[in-house]
Amino acid sequence: MVEMNMAKAINLALHEAMERDDRVVVMGEDVGPDEGVFRVTEGLWSKFGEKRVIDTPLAESGIVGTAIGMALYGMRPVCEIQFSGFDYYSFHQLECHASRFRNRTRGRLSVPMVMRAPYGGGIRAIEHHSESREAIYAHTPGLKVVIPSGPRNARALLHSAIQDADPVIYYEPKAVYRLFREDVPEKMETLPIGQAQVVRKGKDITLVSYGASLRPTLEAAEILEEDDGVKAEVIDLLTISPLDGATIVDSVRKTGRAVVVHEGPRTCGLAAEIIARINEKVLLYLEAPVKRVTGYDVPIPYFSKEQAYLPDADKVLSACRETLSF
Amino acid sequence: MVEMNMAKAINLALHEAMERDDRVVVMGEDVGPDEGVFRVTEGLWSKFGEKRVIDTPLAESGIVGTAIGMALYGMRPVCEIQFSGFDYYSFHQLECHASRFRNRTRGRLSVPMVMRAPYGGGIRAIEHHSESREAIYAHTPGLKVVIPSGPRNARALLHSAIQDADPVIYYEPKAVYRLFREDVPEKMETLPIGQAQVVRKGKDITLVSYGASLRPTLEAAEILEEDDGVKAEVIDLLTISPLDGATIVDSVRKTGRAVVVHEGPRTCGLAAEIIARINEKVLLYLEAPVKRVTGYDVPIPYFSKEQAYLPDADKVLSACRETLSF
Amino acid sequence: MPRKPIELPRIELLSILDENAELDKALEPKIDPAGLKEMYRFMLLGRRADERMLLLQRQGRMGTFPQASGHEAISMGSVYTITKDDWHVPAYRELAGMLYRGWTLEQMFLYWNGFEEGARVPDGVNDLPVCVPIASQLLHATGIGMAMRIKNEKKVVMTYFGDGAASEGDTHEALNFASVFQAPVVFICLNNQYAISVPLSKQMRCETIAQRAIGYGIPGIRVDGNDVLAVYAAAKEAVERARNGGGPTLIECLTYRITPHTTADDPKRYRSDEECQLWMKRDPLLRFAKYLEKKGVLSEKERNEMEAELDATIKSAVQNAEQMAKSEELANPLNMFDYLYNDIPQSLQEQKDELAQHLAKKKSKSKVHVNPQKQPANVLPRA
Amino acid sequence: MPRKPIELPRIELLSILDENAELDKALEPKIDPAGLKEMYRFMLLGRRADERMLLLQRQGRMGTFPQASGHEAISMGSVYTITKDDWHVPAYRELAGMLYRGWTLEQMFLYWNGFEEGARVPDGVNDLPVCVPIASQLLHATGIGMAMRIKNEKKVVMTYFGDGAASEGDTHEALNFASVFQAPVVFICLNNQYAISVPLSKQMRCETIAQRAIGYGIPGIRVDGNDVLAVYAAAKEAVERARNGGGPTLIECLTYRITPHTTADDPKRYRSDEECQLWMKRDPLLRFAKYLEKKGVLSEKERNEMEAELDATIKSAVQNAEQMAKSEELANPLNMFDYLYNDIPQSLQEQKDELAQHLAKKKSKSKVHVNPQKQPANVLPRA
Ligand SMILES: Cc1ncc(C[n+]2csc(CCOP(=O)(O)OP(=O)(O)O)c2C)c(N)n1
Ligand SMILES: Cc1ncc(C[n+]2csc(CCOP(=O)(O)OP(=O)(O)O)c2C)c(N)n1
Ligand SMILES: [Mg+2]
Ligand SMILES: [Mg+2]
């Protein structure tokens with residue numbers, strides 16, 4: 001076991017993946033000598049050289065489009081979009097091609113690529129550097145969307161993403177990059193994509209979250225236990241597409257109450273889908289409406305006020321108490 | 001009253017809007033002498049000339065980006081993306097700018113533009129010509145998303161969209177363009193954006209739909225009455241963002257049962273949001289889970305099999321019966 | 001220092017076999033008779049298949065499709081310069097070239113008739129399928145070329161786009177990436193002077209598309225796109241350069257779209273018939289046929305025999321395709337779920353079961369309610 | 001016809017006041033003393049404000065921001081050629097030009113400190129605010145220019161982008177639209193040879209960015225970006241052409257980013273200090289100051305007085321900005337809901353109420369749970 005933060009853990013996974021599989025290439029803006037604006041590609045360029053660690057021109061569609069070509073040719077490109085707020089520039093390449101080639105060619109061709117991007121707020125960045133629009137990718141058939149919440153699962157999931165036969169959007173909660181450290185095993189490990197984790201057992205209420213929102217959610221769960229003697233079960237989705245409905249549904253069947261927490265906008269966000277799944281499978285077990293603690297339907301404000309936009313333990317706490325006393 | 005189909009009604013609205021307001025310009029690929037690949041811009045170029053009816057180069061981001069500039073300058077651009085399956089090319093311009101300029105400049109600047117695009121399947125077109133991804137725009141704060149269902153509301157809503165102070169995505173159900181004719185009043189009329197319509201009164205179950213899916217939904221409602229003696233209330237959303245939750249909720253409070261119908265993919269689609277709203281406001285009135293009759297989470301198949309992908313009266317009917325006998 | 005002009009590379013125009021089949025001997029490429037015959041054969045096959053598809057479309061036996069007639073010299077002249085190990089990344093008017101690369105006529109018919117199976121790249125063929133989103137394929141071609149460089153392989157990629165496609169941001173990004181990474185990609189621009197109804201003059205204001213190469217520091221040339229020898233010569237030079245590490249080339253092939261944009265388009269709305277007639281006379285096949293005849297490679301008699309034989313092939317391919325379309329494998333809507341992911345996710349399996357049940361119920365029912373299978377013809381999109 | 005080269009327009013290099021302040025008299029633009037003084041004044045104001053923001057940032061009183069020092073000649077030399085009725089569409093290193101156009105120092109400080117109010121275009125100012133998504137603003141500038149043409153107005157748009165931005169598809173689309181519609185737009189490329197860490201050589205392989213103009217059939221020129229007279233001369237020519245219906249121009253201004261990309265960047269990782277030192281000597285202000293001194297327009301003494309006066313202005317602006325930041329109007333998070341739409345939709349009002357309740361509850365509570373306001377410095381993004 002080695003203790004490290006999430007940025008380091010993702011960096012470790014990239015080193016490991018490039019060592020074990022020379023089809024893996026890393027590409028993006030400033031991923032080379034600069035080692036990424038968050039240092040996530042540290043040491044890669046000096047170790048693997050500019051043929052496999054590629055500083056690209058400043059063009060997101062170019063990055064994703066050429067990565068698709070490389071993947072079609074048998075490489076395993078891991079491309080980085082510097083901030084998720086700029087991946088709209090390449091969305092047509094993902095929707096029209098990365099997500100469709102296997103289906104279009106009846107399985108003859110596939111696009112085993114990973115698109116990494118730091119997402120979310122909380123680091124006092126300028127406009128367009130704090131977006132959380134993972135729902136757009138969850139709404140795009142043919143893609144998988146993975147969002148880690150800590151160093152250990154970040155490293156394991158990135159390996160799974162790189163090894164996956166299909167394109168994976170890997171969103172990195174940038175506020176968590178250096179927020180805390182965690183033990184990561186020496187031995188390389190993976191985690192199944194499409195499987196959520198119950199990270200806290202409980203019987204009274206189900207809290208569903210992922211990425212950066214997981215921590216305030218867990219914080220709230222602890223306060224609930226201390227102050228209210230309520231045992232909350234907390235689910236960390238880890239993959240938001242394909243969504244692990246079963247784990248959510250099983251928990252709600254038991255607790256009858258749920259709160260969903262994410263920082264992306266509310267309308268048509270992940271919480272909506274989760275509520276729809278709960279409604280379809282365990283409606284009659286519900287003792288209260290499922291509450292949403294999410295970003296609001298406005299662009300995340302400039303950083304002087306971003307904290308008011310983001311879900312925090314207090315918001316989750318109030319939502320839980322309202323749900324419990326419904 | 002004049003009887004006309006939807007394509008003609010939209011064309012009429014464009015003529016009327018350009019006549020009454022010379023700030024209105026129409027721009028896009030083949031909207032000029034060719035009068036649009038669906039003939040929706042018929043007669044505009046010859047009447048208003050190439051300064052106001054602009055054939056653009058083949059570049060969607062260019063079309064939307066320059067339309068934003070025109071709107072910032074005080075024009076009222078109505079730009080056309082030839083098929084909604086290509087509007088991803090310009091999504092960054094909408095997300096980063098059209099939806100944000102008013103907020104960014106604290107109301108000093110605004111982007112009163114309309115982006116028109118034919119959406120949806122059912123016309124035996126080739127790949128990328130049958131998409132239905134309106135949820136992406138509904139998930140984008142700062143935009144409004146309008147989807148008419150027939151000639152009369154199409155014409156009225158387009159006027160409202162063009163007169164709106166903020167950017168409006170106006171999705172045209174291409175399968176409905178020439179599917180039926182309807183009386184349209186001589187006098188120009190508008191319809192409030194953000195207001196759904198109860199197009200069929202009922203007490204037993206609420207059917208919510210919009211765009212091309214409205215017809216199979218109505219068909220199902222009629223069969224329900226004939227064959228099952230069930231009175232279904234049918235809501236035509238007309239605007240999907242901002243969503244008129246109140247009209248839906250009021251109906252469900254009365255019926256206790258609901259089915260939502262749209263052709264876009266299911267996960268994180270509009271139906272999910274509608275279910276979330278119902279859950280938040282009238283959970284305790286529900287006597288059965290709200291069912292979703294939607295496109296599946298796969299790209300709409302090539303046209304030989306598209307009908308199996310699309311919602312049809314049979315699918316809605318089965319969903320209603322399951323909901324009623326739950 | 002006063003105002004000082006910078007040095008710029010040359011952009012040339014190339015024509016070898018002109019519209020009267022006059023040959024510029026000095027520039028005539030060396031292609032053996034068998035090769036010349038093969039090139040003509042696939043140009044003719046493409047032409048005849050295209051014409052047959054038009055008839056089928058009129059009979060309601062084929063969907064809307066973009067006609068390829070008139071673009072055969074560009075497709076065959078370029079594709080003939082690469083090997084099976086090289087890659088071919090078409091847009092959608094490369095019918096002749098795709099058939100040469102190993103795509104079957106059956107697939108072409110199935111593709112334009114709404115079956116994904118028509119886009120399944122044949123085993124052993126290093127092609128991408130037809131690409132509908134304009135210009136997007138150029139980045140795939142560039143990525144493939146970048147991968148070839150990374151792997152130190154001496155392969156090349158031949159890719160295609162139109163004059164309208166030249167306006168898309170993806171085209172700029174592809175040319176720049178290819179230039180920066182010296183990817184072995186040959187960019188063939190089919191400048192047929194129209195993007196549906198939009199003429200070149202509304203698409204751009206530069207005299208040639210070839211001169212855009214200057215902005216990427218790569219070689220650029222404009223050739224007569226109805227002159228298969230000129231296309232071949234320019235492509236061969238570019239392929240050799242690319243294969244030897246010389247990076248990408250932009251080849252603009254000037255031609256004219258003598259057909260409607262697609263079977264749903266009506267050119268009378270936006271251009272004169274004279275213009276079209278003028279270009280009809282420049283037909284790449286007529287010109288090439290004369291050359292082959294003069295050269296004693298292919299007599300008129302042999303040409304007619306070839307045509308009869310190809311027509312027979314096409315006829316049976318149509319029958320096969322229509323048979324295949326009825327097969328359980330192709331006709332079953334449930335297959336829409338089977339190829340999206342390597343393994344189908346649980347929630348998607350549930351959706352498949354949902355549709356399966358629905359279809360079963362429907363079969364077993366008398367009273368059926370479905371969307372009108374056929375729309376009035378005029379709702380067909382014209383693009 | 002054999003291979004025949006086509007004729008190409010000239011692309012020129014222009015420098016008037018070289019790095020040793022040697023003047024090319026023949027090319028010296030005519031600007032009256034007051035004008036020259038004003039240009040220098042805003043260049044200096046921009047420089048001093050930039051330097052002050054750096055200090056504030058180090059003290060944690062300012063967010064991450066992209067430094068503008070070194071780019072003053074490009075910004076002022078170009079913006080000084082347009083009138084208040086013309087439009088100014090900056091990227092994010094046009095601090096000097098924005099201040100000249102009427103943006104207040106307070107706004108600049110507020111903007112980079114996380115307040116939208118810093119992006120509120122002052123009344124009567126025809127500018128767009130700072131644009132973060134690279135190259136996207138070029139299409140807005142082009143659209144504005146197209147609108148001016150439609151309205152038959154003799155106005156122009158001056159817009160800016162970087163050498164990295166030149167790689168974006170939007171830049172291509174903007175240049176092509178401007179060319180096709182002959183929009184009165186002057187495209188100023190700040191070629192400072194780096195896009196964060198990526199040097200020009202990895203960004204493109206063409207010798208100049210100016211030569212891309214050839215691909216759009218518009219005039220292009222490369223000027224010394226540290227020579228305010230050269231920038232002014234080129235911009236003035238382009239503005240006059242645009243104003244008279246001559247369409248867009250691409251002006252590449254060659255300079256160097258003597259600062260880090262932003263306050264979060266560390267250039268030592270990717271470039272040598274020597275390179276930077278070399279360019280420091282070419283500072284546009286030093287050069288311009290010498291010229292003004294020789295010309296007797298501005299003595300060293302006057303310069304120092306000007307600097308002292310500007311520093312005082314900056315000092316009080318900082319205080320004002322920090323006061324404003326505390327005001328209820330700017331500090332209240334609920335204002336995030338107030339400017340998105342002309343009228344707030346019902347569902348959004350409900351969300352506003354939800355947050356209002358939450359904030360109220362929080363105020364009235366002792367035990368508060370919030371996300372850590374401050375992250376460890378090293379999570380700050382470096383772009
Ligand atoms: C991104 C995108 N936008 C629009 C379309 C619709 N469309 C199909 S072909 C075409 C014109 C293409 O013109 P050009 O590139 O010159 O190719 P050509 O058809 O003339 O061979 C258009 C606008 C599309 N398929 N993709
Ligand atoms: C679309 C987009 N991609 C990436 C970024 C992150 N980013 C900000 S500045 C920058 C480099 C810009 O380089 P250049 O265009 O040369 O301008 P400069 O900063 O050198 O003035 C990058 C990659 C962004 N803001 N927008
Ligand atoms: Mg064309
Ligand atoms: Mg730069």
Side-chain angles (χ1 to χ4, degrees), chain B residues 7 29-30 32-39 55-62 82-83 85-86 88-89 118 122-129 174-179 215-216 219-220 223 227 266-267 296-315 317-318, chain C residues 63-65 111-116 118-119 132-135 162 164-170 195-198 202-204 264-265 269-270 325 330-337 340 347-348 351-352 354-355 358-359 361-362 365 368-376 378-383:
Chain B
E29 296 155 10
D30 307 289
D34 196 39
E35 304 185 319
V37 294
F38 286 102
R39 294 280 183 278
D55 267 334
T56 65
L58 208 180
E60 288 69 19
S61 181
Q82 203 161 68
F83 289 86
F86 306 123
Y88 314 122
Y89 280 65
I123 66 162
R124 305 173 62 77
I126 62 175
E127 195 183 359
H128 307 288
H129 290 64
K174 65 174 85 76
V176 182
Y177 272 145
R178 292 172 168 81
L179 197 57
R215 286 186 74 75
E219 237 186 285
I223 298 162
D227 301 7
R266 183 167 302 173
T267 295
Y296 307 107
D297 290 324
V298 301
I300 181 168
Y302 285 10
F303 70 74
S304 67
K305 287 178 277 294
E306 68 177 328
Q307 289 301 331
Y309 177 91
L310 297 169
D312 60 32
D314 264 4
K315 292 179 182 178
L317 209 48
S318 321
Chain C
T64 303
F65 73 97
Y111 181 83
W112 297 112
N113 227 345
F115 291 88
E116 285 83 353
V132 173
I134 296 295
S167 297
E168 288 281 7
D170 277 7
I196 305 185
S197 71
V198 180
K202 286 186 179 181
Q203 196 65 243
M204 63 191 70
D265 177 39
R269 306 179 64 82
Y270 52 81
L330 269 64
N332 185 352
L334 289 174
N335 72 25
M336 76 174 76
F337 296 96
L340 190 60
S347 53
L348 197 52
Q351 292 182 17
K352 183 179 180 182
E354 181 185 315
L355 177 57
H358 174 70
L359 294 173
K361 214 189 290 171
K362 221 153 138 177
K365 256 194 355 182
V368 184
H369 301 279
V370 286
N371 284 1
Q373 258 294 347
K374 283 219 174 346
Q375 306 288 353
N378 57 357
V379 310
L380 287 179
R382 301 182 37 267

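Per chain, numbering begins at 1; letters A, B, ... match sequence-line order.
- Remark: B/H128 engages A/R104 in a side-chain hydrogen bond (donor to acceptor under 3.5 Å, both in side chains) (not counting sequence neighbours).
- Using a 4.5 Å cut-off between heavy atoms, C/L340 touches chain B through its side chain atoms alone.
- Interface remark: C/K361 contributes side-chain atoms only to the contact with chain B (heavy atom separation under 4.5 Å).
- A 4.5 Å side-chain heavy-atom check between B/D297 and C/Q351 finds at least one atom pair inside the cut-off.
- Panel note: side chain B/K305, backbone C/L330; a donor-acceptor pair is recorded below 3.5 Å.
- Here the shortest heavy-atom pairing between C/G63 and B/F303 reads CA-CZ, 3.8 Å.
- Residue B/F86 touches chain C through its side chain alone, counting heavy-atom pairs closer than 4.5 Å.
- Remark: the backbone N or O of C/V132 is not paired with any side-chain donor or acceptor of B/E127 at under 3.5 angstrom.
- Looking at C/L348, the atoms closer than 4.5 Å to chain B (heavy atoms on both sides) all sit in the side chain, from C-beta outward.
- If you measure heavy-atom distances from C/N332 to chain B, the contacts under 4.5 Å come from the backbone alone.
- The side-chain heavy atoms of B/Y89 and C/P133, taken from C-beta on, include a pair separated by under 4.5 Å.
- The closest donor-acceptor contact from the side chain of B/D30 to the backbone of C/S197 lies under 3.5 Å.
- Side-chain atoms of C/Q203 come within 3.5 Å of backbone N or O of B/L58 as a donor-acceptor pair.
- For C/A119, the part lying near chain B is the side chain, with the backbone staying farther off; criterion is any non-hydrogen pair under 4.5 Å.
- For B/D55, the side-chain hydrogen bond (donor to acceptor under 3.5 Å, both in side chains) test picks out C/K202, with sequence neighbours left out.
- Only the backbone of C/A165 comes within less than 4.5 Å of a heavy atom in chain B; its side chain stays farther off.
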